[in-house]
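Accompanying notes for the structure given below.
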Number of protein chains: 2
Amino acid sequence: MSSNVKEAILSAARKAAQAHGYGGLNFRELAAEVGIKAASIHYHFPSKADLGAAVARRYWEDIAAELEAMQAELPDATACLQHYPAIFRRSLENGNRICLCSFMAAEYDDLPEPVKVEVQAFADVNVTWLAKALSTAEGGDASTGSARALAIFAAVSGAQLLARSRADVGLFDSLIGSYRDTGLLPG
Amino acid sequence: MSSNVKEAILSAARKAAQAHGYGGLNFRELAAEVGIKAASIHYHFPSKADLGAAVARRYWEDIAAELEAMQAELPDATACLQHYPAIFRRSLENGNRICLCSFMAAEYDDLPEPVKVEVQAFADVNVTWLAKALSTAEGGDASTGSARALAIFAAVSGAQLLARSRADVGLFDSLIGSYRDTGLLPG
DNA sequence: ACCTGAACACCGTTCAAGT
DNA sequence: ACCTGAACACCGTTCAAGT
């Protein structure tokens with residue numbers, strides 16, 4: 001098991017990155033929150049890129065576990081799809097934060113390569129899960145399901161971003177409702 | 001008429017902000033591009049917040065003019081709606097940049113107040129235009145049209161973000177196509 | 001093994017000083 | 001009117017030094 005300090009850094013960095021992005025990650029603030037000095041972070045994570053990649057990896061691993069659990073608990077694929085936006089909703093509830101990888105998608109061109117890899121992995125996890133749920137629910141072929149999965153992922157990300165800029169979770173719900181009404185999301 | 005230097009700063013700052021965000025705006029790089037020193041920027045824009053607000057204001061003014069022109073040239077409201085995503089597409093074509101205000105929506109909580117105001121204005125311009133086009137095209141009532149307009153704006157923003165993170169304009173087109181197929185966008 | 005202070009080159013910003 | 005150099009407190013990072 002990793003040290004408590006390393007875990008504490010990871011956890012604090014994740015919350016900070018969901019609020020301020022990779023560029024907004026601040027070693028001195030992070031260190032203060034954990035109770036060490038800024039230079040000490042480099043003992044656990046050699047560079048900011050290493051920290052960013054570790055945070056993003058942990059993030060998509062957690063989401064992947066959550067998606068698997070959802071799939072296990074809700075045998076109905078359509079019910080799964082209906083619950084999907086709730087994952088993005090929770091970030092907003094939790095301090096008006098957004099999905100780590102939505103933030104990093106905006107920052108993408110400026111990210112170090114190891115961080116980019118993890119951001120892609122997050123998108124892949126989501127799209128693969130959605131495509132599988134869609135094909136189970138509606139029996140479409142794989143290619144159509146994949147295009148639709150990408151569309152859902154992009155649209156829900158956009159809804160989260162807009163809702164955050166208004167600090168209005170109700171707007172997120174309303175946007176998801178519109179996606180359902182128009183047929184993008186199953187309803 | 002404003003000085004050439006001020007205009008040059010504004011133009012360079014806009015391109016930089018569409019690529020790196022408000023936080024990524026760099027006075028020394030910006031100054032080098034314009035041919036002055038970093039400290040000189042503060043003569044034209046007292047603070048980074050002033051520069052950011054001026055850039056965002058100019059941005060939505062330009063987009064608003066473009067939307068009006070589109071409306072004037074295409075009397076068919078449905079044709080207008082079909083052309084709407086092209087505005088977001090162009091940013092991607094232009095150096096894999098994104099809509100200034102999508103970036104700033106991610107950074108929203110960290111933006112100075114004057115910049116926030118302009119980011120909101122951009123969203124309002126888009127949503128108002130979309131709502132008008134929707135009601136003209138389909139004759140729905142105002143409230144439904146507004147909800148739908150928000151949904152289109154959010155979804156197209158999300159598509160732009162995802163396409164940028166893959167540096168793939170074709171993905172943007174494919175996402176817009178999916179939005180059309182599912183009925184979110186008129187087709 | 002884990003942490004730190006001091007230093008480095010970078011940021012936005014200020015301001016007195018130049019022309 | 002417009003620009004600048006030098007200084008300030010901040011960044012991530014390095015590294016020799018501590019325990």
In Å and rounded to the nearest 0.5 Å, what is the [atom1] to [atom2] distance from [X] to [Y]?
X       : Y       : atom1 : atom2 : answer
L92(B)  : R90(B)  : CG    : CZ    : 11.0 Å
R14(B)  : Q18(B)  : CZ    : CD    : 5.5 Å
L162(A) : Q160(A) : CG    : CD    : 11.0 Å
E107(B) : C101(B) : CD    : SG    : 11.0 Å
L100(A) : E118(A) : CG    : CD    : 10.5 Å

Inset, instruction - Could you run through DNA chain D and flag its stems, i.e. three or more consecutive Watson-Crick or G-U pairs with both distances under 3.5 Å? - result: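 So far as stems of 3 or more pairs are concerned, DNA chain D shows C:4-8 with D:12-16, C:12-16 with D:4-8.
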
Inset, instruction - Answer yes or no: are there more than 12 heavy-atom neighbours, outside H83(A) itself, under 6.0 Å from its atom NE2? - result: no

Below 4.0 angstrom, N of the basic side chain to O of the carboxylate: do [X] and [Y] qualify?
X       : Y       : answer
R57(A)  : E61(A)  : no
D110(B) : R164(A) : no
D109(B) : K116(B) : no
E7(B)   : R58(B)  : yes

Inset, instruction - Determine, for F45(B) and K6(B), whether the Lys NZ or Arg CZ falls below 6.0 Å from the six-membered ring centre while staying within 45 degrees of the axis. - result: yes

Inset, instruction - Find out whether the Lys NZ or Arg CZ of K48(B) is both under 6.0 angstrom from the six-membered ring centre of Y22(B) and within 45° of the ring's axis. - result: yes

Legend entry - Positions of residues 28-36 of chain B (non-hydrogen atom under 4.0 Å from DNA chain D), listed by number: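 Contacts with DNA chain D under 4.0 Å: I36(B).
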
Legend entry - Selection: residues 100-110 of chain A, any non-hydrogen atom under 4.0 Å of DNA chain D: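 Per residue number, the list is empty: none.
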
Inset, instruction - Residues of residues 11-27 of chain A with any non-hydrogen atom less than 4.0 angstrom from an atom of DNA chain C: list those, numerically ordered, please. - result: none

Legend entry - Residues from residues 37-49 of chain B lying under 4.0 Å of DNA chain C - heavy atoms: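 Within residues 37-49 of chain B, the residues near DNA chain C are A39(B), H42(B), P46(B), S47(B), K48(B).
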
Legend entry - Terminal contacting nucleotides, 5' and 3', DNA chain C versus chain A (heavy atom, 4.0 Å):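 In short, chain A contacts DNA chain C from dA1(C) to dG5(C).
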
Legend entry - Near-ring test F88(B)/F172(B), centroid separation under 6.0 angstrom: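 F172(B) vs F88(B): aromatic centres not under 6.0 Å.
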
Inset, instruction - Taking the six-membered ring for Trp and the single ring otherwise, decide whether the centroids of F103(B) and H20(B) are under 6.0 Å apart. - result: no

Inset, instruction - Would you kindly say whether S47(A) and D50(A) are connected by a side-chain donor-acceptor distance under 3.5 Å? - result: yes

Legend entry - Pairwise side-chain contact, N126(A) with V156(A), heavy-atom cut-off 4.5 Å (strictly under): no

Legend entry - Side-chain (T136(A)) to main-chain (K132(A)) donor-acceptor, under 3.5 angstrom: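 Yes, T136(A) side chain to K132(A) backbone: donor-acceptor pair under 3.5 Å.
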
